[in-house]
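The next block holds one structure in the form of structure tokens; read it before the comments.
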Amino acid sequence: MLNRTQEEIIQKWPKDWNTPLVSVRCITYNQQSFIAQTLDGFLSQETDFPFEVIVHDDASTDKTADVIREYEQKYPKIIKPIYETENQYSKNDDSLDKIVDSACKGKYIAFCEGDDYWIDPLKLQKQISFLEKNLDYGYSYTNFKGFNQQKQQFFEMNIEGLSGDNYAHEMLNPTSSIWTLTFCCRKELYLSRPKLNRKEYFCGDRLIFLHLASISKGHYLPECTSVYRKLSESASHFKSKRAIFKFCFFHNKTYLYFLDHARRFEGWDKAKKRFSIRLLPYCFFSSDWEAFKKIELSLFPVKFESFYWTIRYLFVFAVYKLCRIKPFFKCGCFLVNLLDRK
């Protein structure tokens, strides 16, 4: 546990504060080995404004809740825990978000999961100071580094961040630049995100980022402020190939939702084709004919940056059109699963 008292943390805060300016939103489940380091990163923050830490333990079956209780006892004005007796995430509805969002009292919300952590004590101060002075910016994110838990090694994430209108950049960039552990935003914009069906779309952090990027400007801080812990299996890392394809299927459907409902940009056609193509592996691997029928691919316009990508798309499109005939789709599923077993 951090060797810092609650009084030392709040000494620069306004004496008459009642409501925190920032709510740190932390979701945790069975992370007893990591949650202390995560909470220490929050409590290391040096700010001239009040903040709270809403840490939601989703009915952990290990000692995670016990660790949180120790912090709650030492930092009662800052650590505001929610202890569940029933796992909310597994319900696959809006229960978890509703519970945590209603507990956040701040004007801004900062995000970090219970296995990642912050290493820059001025992270919040830098981000919130910028947002307070620049009202046309809705969110802020930073650079960070990774840590491979199994190998016990740090690695570079090579984030390609961008300040300003970041929407097209996020849509066209092969690797996302906005990640949960560094993200903070205005709460009213976060709460205005579309409420999609969790059985059809990925409604996690990527939905939040795309929504904010589509309606406001973003601030990128190139300094490394946080550490992303790479685990062998987590909410976005799976050992099962079927689970990987299913996650990617719903993830890409969320991108397609924004392409269809948010503003257009240069390269929109290319993005539409890319994310539509990424739906196909799950359909073939899972033999999901109903999901396959809902995929829409068009032949024109084909505007890829190279001859190779144009030919590749034309090949995929030909396979897609052939498999619109159900017997050919079944053959495709058979071949995909046969090759996977080899």
Side-chain angles (χ1 to χ4, degrees), residues 1-2 4 6 20 22-45 51-106 109-119 144 146-152 179-184 190 198-199 202-208 226-240 243-244 246-247 250:
M1 183 178 290
L2 189 70
R4 191 184 188 195
Q6 180 171 262
V22 181
S23 296
V24 180
R25 189 181 190 274
C26 179
I27 308 297
T28 184
Y29 175 73
N30 283 358
Q31 294 170 329
Q32 66 175 25
S33 300
F34 313 128
I35 189 63
Q37 190 172 25
T38 302
L39 295 175
D40 284 347
F42 301 153
L43 296 167
S44 296
Q45 295 301 299
F51 65 87
E52 64 178 355
V53 176
I54 306 299
V55 54
H56 178 277
D57 176 69
D58 204 9
S60 294
T61 58
D62 62 3
K63 301 292 185 181
T64 300
D66 294 337
V67 176
I68 296 172
R69 288 189 180 95
E70 294 179 15
Y71 280 83
E72 177 188 13
Q73 184 175 6
K74 185 175 180 180
Y75 304 98
K77 293 183 179 180
I78 304 171
I79 303 296
K80 305 294 182 181
I82 302 172
Y83 303 107
E84 298 289 356
T85 57
E86 180 183 10
N87 186 272
Q88 301 299 314
Y89 179 82
S90 61
K91 293 180 179 180
N92 200 28
D93 58 18
D94 293 329
S95 301
L96 193 153
D97 282 343
K98 288 178 179 177
I99 292 170
V100 181
D101 292 350
S102 64
C104 294
K105 307 303 181 186
I109 298 182
F111 297 77
C112 186
E113 303 297 325
D115 50 357
D116 302 324
Y117 58 99
W118 296 347
I119 56 176
F144 64 98
F147 180 75
N148 188 306
Q149 186 66 29
Q150 184 175 2
K151 297 180 179 179
Q152 292 290 294
W179 289 54
T180 303
L181 70 162
T182 78
F183 186 77
C184 74
Y190 162 72
R198 291 178 178 272
K199 295 180 180 180
F202 175 71
C203 297
D205 52 10
R206 189 53 34 188
L207 182 147
I208 299 168
S226 312
V227 174
Y228 168 76
R229 196 185 305 272
K230 183 179 181 180
L231 304 173
S232 58
E233 189 160 8
S234 64
S236 57
H237 292 89
F238 311 94
K239 293 179 180 179
S240 163
I244 294 172
K246 185 176 182 179
F247 176 83
F250 290 113

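Worth saying up front: this structure is predicted, and the values here are computed from it rather than measured.
Scored by the salt bridge (Lys or Arg N to Asp or Glu O under 4.0 Å) test, D66 finds R69 as partners (sequence neighbours excluded). Residues meeting the ring pair (Phe, Tyr, Trp, His ring centres under 6.0 Å) test with Y75, sequence neighbours left out: none. K91 is linked by a salt bridge (Lys or Arg N to Asp or Glu O under 4.0 Å) to E86, counting only residues two or more places apart in sequence or in another chain. A search for salt bridge (Lys or Arg N to Asp or Glu O under 4.0 Å) contacts involving D101 returns R25, R193, not counting sequence neighbours. N87 pairs by the side-chain hydrogen bond (donor to acceptor under 3.5 Å, both in side chains) definition with D58, S90, not counting sequence neighbours. Residues satisfying the side-chain hydrogen bond (donor to acceptor under 3.5 Å, both in side chains) test with T64, not counting sequence neighbours, are D62.
A salt bridge links D94 with R198; the closest basic N to acidic carboxylate O contact falls under 4.0 Å.
We find the CD1-CD1 distance between I54 and I109 to be 9.5 Å, quoted to the nearest 0.5 Å. Between I99 atom CD1 and C104 atom SG the span is 12.0 Å, to the nearest 0.5 Å. K77 NZ to F51 CZ: the interatomic distance, rounded to the nearest 0.5 Å, is 13.5 Å.
Ring geometry for F42 against W118 counts as perpendicular: the plane angle is over 60°, on a 0 to 90° scale with 30° as the lower cut. Between F183 and F111, the ring planes are tilted. Angles from 30° to 60° get that label.
Not a single donor-acceptor pair under 3.5 Å links the side chain of R229 to the backbone N or O of Q149.
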